[in-house]
Amino acid sequence: MEESNDVSLAYNGSSSSSSMMMNRVGSSILFPIHGNVYPTGYYNVTINIGHPPKPYFLDLDTGSDLTWLQCNAPCVHCIEAPHPLYQPSNDLVACRHPLCAALHPPDYKCESPDQCDYEVEYADGGSSLGVLVRDVFSLNYTNGVRLSPRLALGCGYDQIPGTSYHPLDGILGLGRGKSSIVSQLQSQGLVRNVVGHCLSGRGGGFLFFGDGLYDSSHVTWTSMSQEFTKYYSPGSAELHFGGKATGIKNLIVIFDSGSSYTYLNSQAYQALTLLLKKELSGRSLKEAPEDQTLPLCWKGRKPFRSVHDAKKYFKTSLALAFANSGRRKTQFELHPEAYLIISNKGNVCLGILNGTQVGLQNLNVIGDISMQDTMVVYDNEKQVIGWSPANCDHLPRFKSAYYM
């Protein structure tokens with residue numbers, strides 16, 4: 001029997017039949033994505049939170065766990081935002097609650113037992129300080145069934161903007177930890193603990209929770225690292241150039257949708273730029289240091305209109321090879337659209353940056369630019385990360401009915 005679209009489901013996870021409930025109501029929640037790598041510099045989704053629900057624009061961040069909104073608690077320091085500040089609920093998360101404990105080191109002390117204070121810091125120097133509250137999230141399954149779970153989020157009343165600052169209502173934390181939204185939904189039996197996104201190179205795309213929107217057999221899978229559990233990391237990789245190993249090994253790689261660009265450590269970055277410059281020597285491209293869009297740009301005989309125009313100069317493929325199971329290596333390939341942008345001056349610029357210069361230390365980041373036009377899936381239940389070429393301009397097809 002097909003369920004009509006006007007069904008509303010409120011569920012707090014107290015039922016022992018959560019798996020039956022999950023199978024009954026469908027398995028995925030889908031969100032349209034807005035934004036682009038350049039010139040906007042970020043991707044976001046709209047989520048309705050509160051009672052009555054109000055819309056907020058949230059940055060997608062697979063590199064962190066906590067979802068937070070700029071919050072009138074009152075606000076000590078808030079930055080420009082698209083919507084009025086979130087008015088917090090009075091449903092505080094206690095300091096000793098497992099969700100609070102997940103945000104702190106094991107030996108943290110409770111200054112106020114009845115509330116959970118938090119502070120999150122980001123690689124670009126930005127931060128949010130606040131308190132954890134619960135509120136209603138208005139969500140929809142792909143079959144039209146509505147649900148209104150109460151989930152924990154940060155009420156951020158003191159924000160410091162980072163170097164990649166842009167106006168935002170908050171952050172959507174999609175990481176591996178207990179406090180992430182999809183982990184909370186899974187603990188209530190509402191979706192499987194799977195996050196996926198498809199970022200379009202033309203802007204936009206889609207985000208999903210659950211495992212009902214992709215064919216697993218068409219996805220290239222690699223194991224999540226059991227050593228670097230704070231991030232979505234396949235572990236260490238080797239840089240390949242033109243189908244050959246470069247000898248640059250042991251690159252600890254993370255997938256981070258909160259980063260617009262891809263970052264390699266200084267050694268790998270210097271090796272890559274030398275290889276690219278060698279490949280481009282003798283061709284009619286000249287470096288354009290006057291273009292400050294990104295650290296390394298080139299100009300052609302006439303301005304480029306798209307990466308497609310510049311591809312004839314950048315024919316060599318790049319790849320990160322993960323040794324995920326013995327001798328077999330899984331490769332994440334980087335075609336030119338996955339590492340180049342066209343600046344507003346009509347030059348072609350390298351969207352792979354020196355991570356050591358921005359304090360990333362030993363981490364190498366696969367950012368949004370390198371995940372464009374690719375469906376990336378983080379399956380926290382099977383502890384695998386997968387990717388597959390995809391048309392991210394169109395929302396995926398899904399089964400619109402479930403049976404009783």
Side-chain angles (χ1 to χ4, degrees), residues 26-38 40-47 57-63 139-143 171-176 180-182 185 191-222 224 232 234 253-262 306-308 320 330-341 351 365-382 384-400:
S27 61
S28 293
I29 300 168
L30 181 66
F31 308 87
I33 288 175
H34 305 282
N36 56 51
V37 170
Y38 180 83
T40 302
Y42 63 97
Y43 289 90
N44 68 277
V45 295
T46 303
I47 296 188
F57 294 165
L58 300 180
D59 266 21
L60 312 183
D61 190 10
T62 58
L139 305 170
N140 293 294
Y141 285 120
T142 51
N143 59 14
I171 297 287
L172 182 63
L174 301 172
R176 295 173 73 174
S180 79
I181 290 299
V182 73
L185 290 168
V191 294
R192 301 199 189 285
N193 196 343
V194 177
V195 177
H197 55 68
C198 202
L199 308 175
S200 172
R202 288 153 292 284
F206 57 88
L207 167 76
F208 59 89
F209 302 158
D211 60 356
L213 298 181
Y214 58 90
D215 182 345
S216 182
S217 67
H218 292 168
V219 177
T220 299
W221 297 101
T222 191
M224 287 186 195
Y232 289 119
V253 172
I254 68 171
F255 285 77
D256 184 3
S257 67
S259 173
S260 298
Y261 295 105
T262 289
S306 69
V307 172
H308 181 77
L320 290 164
T330 305
Q331 291 201 6
F332 186 84
E333 295 183 6
L334 301 172
H335 47 80
E337 288 88 350
Y339 63 87
L340 299 173
I341 65 155
V365 175
I366 295 176
D368 293 338
I369 188 171
S370 299
M371 297 188 281
Q372 293 176 116
D373 301 310
T374 300
M375 182 181 288
V376 182
V377 182
Y378 313 91
D379 188 330
N380 290 294
E381 303 205 357
K382 295 179 181 176
V384 290
I385 302 169
W387 53 86
S388 176
N391 181 349
C392 302
D393 293 326
H394 301 287
L395 296 181
R397 295 178 180 178
F398 46 82
K399 296 175 182 177
S400 60

Practice item. For the pair Asp373 and Arg202, find out whether any cationic side-chain nitrogen is under 4.0 Å from an anionic carboxylate oxygen. Key: yes

**Study point:** Worked check of side chain to side chain contact (heavy atoms under 4.5 Å, CB included) between Leu199 and Cys392
**Key:** CA-CA 6 Å; Leu199 308 175; Cys392 302; 5.7 Å; no

Review point. Which distance, rounded to the nearest 0.5 Å, do you find between the OG1 of Thr62 and the CG of Asp368?
Key: 8.0 Å

Review point. If you round to the nearest 0.5 Å, how far is CG of Asp379 from CZ of Arg192?
Key: 10.0 Å

Exercise for review: Side-chain contact test, heavy atoms from C-beta onward, threshold under 4.5 Å: evaluate it for Asp61 versus Asp256 and give yes or no.
Suggested key: yes

Review point. So, does Gln331 use its side chain to make a donor-acceptor pair with the main chain of Leu320 at under 3.5 Å?
Key: no

Exercise for review: Would you sort out whether Phe57 and Ile47 count as a side chain to side chain contact (heavy atoms under 4.5 Å, CB included), showing the intermediate values?
Suggested key: CA-CA 7 Å; Phe57 294 165; Ile47 296 188; over 6 Å; no

**Study point:** Tyr378 and Tyr232 aromatic centres sub-6.0 Å
**Key:** yes

Practice item. Taking all heavy atoms of Ser180 and all of Gly175, pick out the closest pair and write down the distance. Key: OG-O, 3.2 Å

Exercise for review: List for me each residue that meets side-chain contact (heavy atoms from CB on, under 4.5 Å) alongside Val377, sequence neighbours excluded, and say none if there are none.
Suggested key: Val194, Phe208, Tyr214, Trp221, Met375

**Study point:** Value rounded to 0.5 Å, distance of CD1 in Ile341 from CD in Gln372
**Key:** 10.0 Å

Review point. Is there side-chain contact between Ile29 and Asn140, with heavy atoms separated by less than 4.5 Å?
Key: no

Check your understanding: Got Leu207 and Leu60 here, is their nearest side-chain heavy-atom distance under 4.5 Å?
Key -> yes

Check your understanding: Does Met224 reach the side chain of Arg176, with side-chain heavy atoms less than 4.5 Å apart?
Key -> yes

Review point. OG1/Thr46 to CG/Leu58 distance, rounded to the nearest 0.5 angstrom?
Key: 8.0 Å

Point to revise | Set of side-chain contact (heavy atoms from CB on, under 4.5 Å) partners for His394, sequence neighbours left out | key: Asn391

Study note, to complete from the structure: With sequence neighbours left out, the residues meeting ring-ring contact (aromatic ring centres under 6.0 Å, His included) with Tyr42 are His166

**Study point:** Option from Tyr43, Tyr141, Phe209, Phe206 for which ring-ring contact (aromatic ring centres under 6.0 Å, His included) with Phe31 holds
**Key:** Phe209

**Study point:** Thr220 side chain to Gly386 backbone, donor-acceptor under 3.5 Å
**Key:** no

Check your understanding: Quick check: does any side chain N or O of Thr262 sit under 3.5 Å from a backbone N or O of Gly367, one acting as donor and the other as acceptor?
Key -> yes

Revision key, fill the gap. d(Asn143 CG, Leu30 CG) to nearest 0.5 Å is 12.0 Å

Check your understanding: With a 4.5 Å heavy-atom cut-off, do Leu139 and Leu185 have their side chains touching?
Key -> yes

Check your understanding: Counting distance only, does the side-chain N/O of Thr374 pair as donor-acceptor with the main-chain N or O of Trp387 below 3.5 Å?
Key -> no

Check your understanding: With a 4.5 Å limit on heavy-atom distance, are the side chains of Leu174 and Val182 in contact?
Key -> no

Exercise for review: Compute the ring centroids of Tyr339 and Tyr261, then answer whether they are less than 6.0 Å apart.
Suggested key: no

Check your understanding: In Å and rounded to the nearest 0.5 Å, what is the CG to CG distance from Asp59 to Leu172?
Key -> 9.0 Å

Point to revise | Closest non-hydrogen atom pair, Ile385 against Pro234 | key: CD1-N, 4.1 Å

